[in-house]
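Encoded as structure tokens, the structure appears first; notes follow it.
For the numbers below, each heavy atom of this structure counts, side chains included, while hydrogens, waters and symmetry mates do not.
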Amino acid sequence: MTEIGIHEDNVPIVAYSLHIEVGVGFPCLDPEEAKMAATMAMKGPVAVEDVNVTFEDQQKINKFARNTSRMTELKNEIEAKKKSLQNLQDASDDLMMFDDDALLIPYQIGDVFISHTQEETQEMLEAAKEKLEQEVKGLEERVSAILQVLGDLKVQLYAKFGNNINLEADES
């Protein structure tokens, strides 16, 4: 059974119904997951339909929220690695412009700078670029796998809850 009440800010509170609005109570296992699920909830008032949220449904919603959060983290990590990759490419390009092969180039390893010949430094830059490219490729594969899981969960959740749930990313 659905219970409906009014919060002190005149925001409707709906418990155990999937009609979710800001300030609405929501059975969740973890407060962080509840916060993530509430941010993905519908924004405007819609007619409340009695749709029972089972434990399995709640688990799917929580899984969707966790995967969405993880995907955002992975995309940020990919962006940072691509910036590092671009920096390595710029350094490699600048290194090619040096005419003096006898010049020692400082290369940072950890917290220490070690001087190497131009050829050694170029090899180290190439190795670092290859490693970063592999890491980016691995992260993009993980994002792709998460997108597939999210797509499957969207189909299942929209099939059951229809317009009473909003799983689209907020583009603000």
Side-chain angles (χ1 to χ4, degrees), residues 1-90 109-111 126-172:
M1 182 173 178
T2 303
E3 295 181 38
I4 300 176
I6 302 294
H7 187 266
E8 60 194 42
D9 297 327
N10 290 330
V11 175
I13 298 175
V14 181
Y16 298 101
S17 173
L18 195 58
H19 177 70
I20 305 165
E21 294 184 33
V22 176
V24 173
F26 189 102
C28 221
L29 299 177
D30 182 22
E32 286 300 314
E33 291 172 1
K35 188 188 304 180
M36 286 188 286
T39 59
M40 293 187 306
M42 295 185 69
K43 301 288 186 216
V46 177
V48 176
E49 295 178 24
D50 278 338
V51 179
N52 292 328
V53 179
T54 64
F55 179 75
E56 291 79 20
D57 296 332
Q58 185 63 54
Q59 293 298 92
K60 288 178 185 177
I61 292 168
N62 293 347
K63 183 177 181 180
F64 186 89
R66 282 190 308 272
N67 280 306
T68 300
S69 176
R70 182 66 184 141
M71 186 178 64
T72 302
E73 291 170 3
L74 289 173
K75 285 183 176 182
N76 290 339
E77 191 174 340
I78 288 170
E79 185 178 317
K81 288 191 183 288
K82 284 185 176 181
K83 284 181 183 178
S84 295
L85 191 58
Q86 183 61 46
N87 289 341
L88 287 173
Q89 182 62 46
D90 292 344
I109 301 175
D111 293 336
E126 290 301 320
K129 285 192 312 189
E130 287 177 19
K131 181 182 175 191
L132 266 177
E133 287 170 350
Q134 291 298 320
E135 290 175 8
V136 167
K137 184 179 178 184
L139 291 172
E140 287 173 343
E141 288 172 357
R142 289 174 62 189
V143 166
S144 176
I146 290 174
L147 283 172
Q148 187 172 3
V149 169
L150 290 177
D152 294 343
L153 287 171
K154 275 184 182 182
V155 168
Q156 295 170 17
L157 292 170
Y158 276 131
K160 180 166 183 178
F161 300 112
N163 292 334
N164 291 324
I165 190 167
N166 181 10
L167 301 173
E168 301 304 319
D170 189 18
E171 298 296 329
S172 56

Rounded to the nearest 0.5 Å, what's the gap from [atom1] on [X] to [atom2] on [Y]? Could you check?
X: Q134; Y: K81; atom1: CD; atom2: NZ; value: 12.0 Å
X: I146; Y: L153; atom1: CD1; atom2: CG; value: 11.5 Å
X: L139; Y: I78; atom1: CG; atom2: CD1; value: 5.0 Å
X: L167; Y: F64; atom1: CG; atom2: CZ; value: 4.5 Å
X: K129; Y: Q86; atom1: NZ; atom2: CD; value: 9.5 Å
X: K63; Y: Q59; atom1: NZ; atom2: CD; value: 10.0 Å

Do N166 side-chain atoms and E168 backbone N/O form a donor-acceptor pair below 3.5 Å?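 Pair found, side chain donor or acceptor close to backbone of E168.
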
Just by modelled atom types, is the A65 backbone N or O under 3.5 Å from a matching donor or acceptor in the S69 side chain?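 Flag not set: sc S69 to bb A65 has no pair under 3.5 Å.
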
Tell me, with the steps shown, if T54 and D57 meet side-chain hydrogen bond (donor to acceptor under 3.5 Å, both in side chains). CA-CA 5 Å; T54 64; D57 296 332; 3.0 Å; yes

Result of checking N76, V143, V149 against M71 for side chain to side chain contact (heavy atoms under 4.5 Å, CB included):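 Checked N76, V143, V149 against M71; only one passes side chain to side chain contact (heavy atoms under 4.5 Å, CB included): V143.
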
side-chain hydrogen bond (donor to acceptor under 3.5 Å, both in side chains) partners of residues 138-152, not counting sequence neighbours, each pair once: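 Every side-chain hydrogen bond (donor to acceptor under 3.5 Å, both in side chains) pair that includes a residue of residues 138-152, provided the two are not neighbours, is K82-E140.
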
Determine, step by step, whether Q58 and N62 satisfy the side chain to side chain contact (heavy atoms under 4.5 Å, CB included) criterion, reporting the C-alpha distance in whole Å, the side-chain angles of both residues, the deciding distance to 0.1 Å, and the verdict. CA-CA 6 Å; Q58 185 63 54; N62 293 347; 2.9 Å; yes

Contact summary for V53 and F161, nearest pair of heavy atoms: CG2-CE2, 4.4 Å

With side chains defined as the heavy atoms from C-beta onward, is the minimum distance between L74 and E77 less than 4.5 Å? yes

Would you check, one step at a time, whether the test side chain to side chain contact (heavy atoms under 4.5 Å, CB included) holds for I165 with K160? CA-CA 9 Å; I165 190 167; K160 180 166 183 178; over 6 Å; no

